[in-house]
Novice: 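Quick one: the structure is below, questions incoming.
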Number of protein chains: 2
Amino acid sequence: MTTPENPRERLLDAAGEIFAEKGFKGATVREIIDRAGVNIAAVNYYFRDKERLYIEAVKHAACGQGEEPHLSWSPDTPPAQKLRDIIRFQLLKLLDPNRPAWLARLIMRELIQPSEACAELAREYIEPRSKILFGVVRELLPPGTPNRKVFLTAFSIVGQCHFYCSHKPIIRILIGEDEYQRLDPTTLAEHITQFTLRALKAEE
Amino acid sequence: MTTPENPRERLLDAAGEIFAEKGFKGATVREIIDRAGVNIAAVNYYFRDKERLYIEAVKHAACGQGEEPHLSWSPDTPPAQKLRDIIRFQLLKLLDPNRPAWLARLIMRELIQPSEACAELAREYIEPRSKILFGVVRELLPPGTPNRKVFLTAFSIVGQCHFYCSHKPIIRILIGEDEYQRLDPTTLAEHITQFTLRALKAEE
DNA sequence: TTGACATTAAAACAGTTGTTTGATACAAAT
DNA sequence: ATTTGTATCAAACAACTGTTTTAATGTCAA
């Protein structure tokens with residue numbers, strides 16, 4: 001990512017990063033303008049104040065996040081393979097250090113303390129994705145399985161995945177830094193997939 | 001819960017609440033001492049500074065929240081029953097409406113932005129508890145199962161439980177308020193236990 | 001060149017922050 | 001009664017915060 005030369009976007013980039021890292025109160029405008037390499041008066045000039053900068057930074061981060069590779073299967077793909085793809089895709093997105101990780105933190109902050117900035121973000125982003133998982137789970141379960149069982153199963157899957165992201169600091173302490181480093185997304189994806197498939201296969 | 005009259009605990013209670021609500025930076029010591037009804041110098045007197053107050057407040061909220069019924073089984077308890085007890089116990093604690101709601105937010109803040117409190121909490125509180133779960137999982141898996149598989153399995157279990165706490169707002173949106181209200185801890189515990197036991201039984 | 005406008009710069013502002021001070025009240029022990 | 005130590009208080013402190021001001025700079029058309 002090349003750093004843009006116009007101060008407005010430089011501010012947005014720096015702000016998104018630092019706001020995600022330290023929260024709204026924890027981040028100072030001086031630190032932001034310092035990383036952006038602009039004068040402090042620029043935040044008042046391009047945005048009204050710190051809060052307006054925050055809102056714009058969140059929107060900028062959410063929209064500018066590049067296109068995602070869509071999950072699309074051929075009609076005869078076995079549901080077990082679809083499940084594997086979903087889990088792997090999710091874990092890669094949650095744990096890949098190459099990806100800008102601070103967007104996830106921004107969203108987790110909004111989970112705890114929602115602001116109007118990204119209130120609708122979770123809804124527009126998560127809901128369509130969960131619909132896909134619900135469908136695959138329904139394929140894997142016996143026909144006529146009640147709705148409740150479907151999403152309980154789906155939550156068991158997603159819960160396993162997100163745990164490695166949301167509770168990362170604690171996992172790191174529990175199993176030690178060395179062991180943690182060996183937990184690559186592919187290994188985890190395979191474990192969760194097998195774990196889930198066994199639980200579902202024994203279902204009937 | 002009656003408010004204690006000694007300033008130290010009054011500070012801890014007020015601090016936990018406000019830190020959870022606004023985060024470490026967002027909360028001011030003046031607001032805390034105001035709610036606690038003590039003088040501002042008390043935070044320096046009983047704790048060294050704001051940060052030490054924060055650490056103690058987190059630990060106080062996580063651990064000191066009433067005595068826990070200890071998990072103790074007779075030597076001939078089958079491991080499957082132990083697992084069921086652990087899951088049920090955990091979910092009851094995570095979703096108990098009597099438990100102040102701000103406790104979860106406080107811990108989630110630590111997960112997003114770990115401070116020294118997170119490390120102390122993990123070592124003093126979480127580690128001993130996880131040891132118990134690791135032991136039960138080891139009983140459930142075939143003898144000689146490698147360590148990594150043990151805690152991957154344990155994380156699959158804990159991940160399923162904590163998901164209902166950490167992602168509560170999203171679950172509420174996804175399945176609707178009515179359906180959410182019907183998700184009592186007992187139902188969830190039974191689902192997760194069955195799900196896990198099936199995954200492990202098919203193991204061999 | 002001149003003037004108007006957009007942009008950047010440094011400094012100052014006013015308010016809030018965490019923290020410390022020094023005095024005071026109270027109790028128990030000498 | 002005097003001393004000793006604990007606990008509490010109002011007040012002040014120094015540092016940092018977001019924001020504003022004011023001046024300087026650059027750009028481009030007339």
Side-chain angles (χ1 to χ4, degrees), chain A residues 2-61 102 106 109-110 113 115-118, chain B residues 2-61 102 106 109-110 113-118 120:
Chain A
T2 66
T3 59
E5 68 291 338
N6 60 324
R8 207 189 115 94
E9 274 203 43
R10 288 242 299 277
L11 263 177
L12 285 177
D13 288 339
E17 209 166 329
I18 296 183
F19 277 135
E21 199 175 331
K22 316 203 165 180
F24 179 75
K25 278 274 185 180
T28 70
V29 296
R30 281 178 173 82
E31 188 181 359
I32 293 174
I33 60 105
D34 197 41
R35 176 170 305 193
V38 303
N39 189 268
I40 193 174
V43 45
N44 176 277
Y45 183 76
Y46 289 101
F47 313 89
R48 189 161 21 88
D49 50 17
K50 185 188 182 184
E51 182 175 349
R52 201 66 219 171
L53 169 62
Y54 173 74
I55 297 178
E56 295 299 325
V58 170
K59 294 203 288 189
H60 179 74
W102 47 273
L106 253 184
R109 284 191 187 281
E110 291 299 325
Q113 201 169 357
S115 85
E116 54 187 283
C118 10
Chain B
T2 66
T3 59
E5 67 290 339
N6 61 325
R8 206 189 115 93
E9 273 202 45
R10 287 242 298 277
L11 263 176
L12 284 176
D13 288 339
E17 209 166 331
I18 296 184
F19 277 136
E21 201 175 329
K22 316 202 165 180
F24 179 75
K25 279 277 185 179
T28 71
V29 296
R30 281 176 174 82
E31 187 180 1
I32 292 174
I33 60 104
D34 197 41
R35 177 170 307 190
V38 302
N39 188 269
I40 192 174
V43 43
N44 176 277
Y45 183 76
Y46 290 101
F47 313 88
R48 188 159 27 87
D49 50 16
K50 183 188 183 185
E51 181 174 351
R52 201 65 219 173
L53 168 63
Y54 173 75
I55 295 178
E56 294 301 323
V58 171
K59 296 204 293 188
H60 179 75
W102 50 268
L106 192 58
R109 283 190 187 281
E110 272 304 312
Q113 197 171 352
S115 75
E116 186 53 34
C118 186
E120 290 193 26

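The chains referred to below are lettered A, B, ... by the order of the sequence lines, with proteins before strands, and numbering in each begins at 1.
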Novice: For B:Arg30, what residues pass the side chain to side chain contact (heavy atoms under 4.5 Å, CB included) criterion, not counting sequence neighbours?
Specialist: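 Partners of B:Arg30 under the side chain to side chain contact (heavy atoms under 4.5 Å, CB included) test: B:Thr28, B:Ile40.
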
Novice: Can you list every side-chain hydrogen bond (donor to acceptor under 3.5 Å, both in side chains) pair that touches residues 32-43 of chain B, not counting sequence neighbours?
Specialist: B:Glu17-B:Arg35

Novice: What residues form a ring pair (Phe, Tyr, Trp, His ring centres under 6.0 Å) with B:Phe47, not counting sequence neighbours?
Specialist: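 Scan of B:Phe47 (ring pair (Phe, Tyr, Trp, His ring centres under 6.0 Å), adjacent residues dropped) gives none.
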
Novice: Can you tell me how far apart CG (B:Asn44) and CG (B:Asp49) are? Round to the nearest 0.5 Å.
Specialist: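 CG of B:Asp49 is found 8.0 Å from CG of B:Asn44.
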
Novice: What pairs with B:Tyr46 under ring pair (Phe, Tyr, Trp, His ring centres under 6.0 Å), at least two apart in sequence or on another chain?
Specialist: none

Novice: With a 4.0 angstrom cut-off to heavy atoms of chain B, pull out the first and last contacting nucleotide of DNA chain C, in 5'-to-3' order.
Specialist: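 Counting from the 5' end, contacts occupy C:dT17 to C:dT21.
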
Novice: Counting primed atoms plus P, OP1 and OP2 as sugar-phosphate and everything else as base, spell out the protein contacts along nucleotides 6-21 of chain D at 4.0 Å heavy-atom distance: B, S or - for each nucleotide, 5' to 3'.
Specialist: SBBBBBB----BBBBB

Novice: When the ring planes of B:Phe19 and B:Phe24 are compared, do they come out parallel, tilted or perpendicular, using 30° and 60° as the limits?
Specialist: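 Parallel: the ring planes of B:Phe19 and B:Phe24 meet at under 30°.
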
Novice: Got a second to check how far A:Ile32's CD1 is from A:Lys50's NZ, nearest 0.5 Å?
Specialist: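 NZ of A:Lys50 is found 7.0 Å from CD1 of A:Ile32.
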
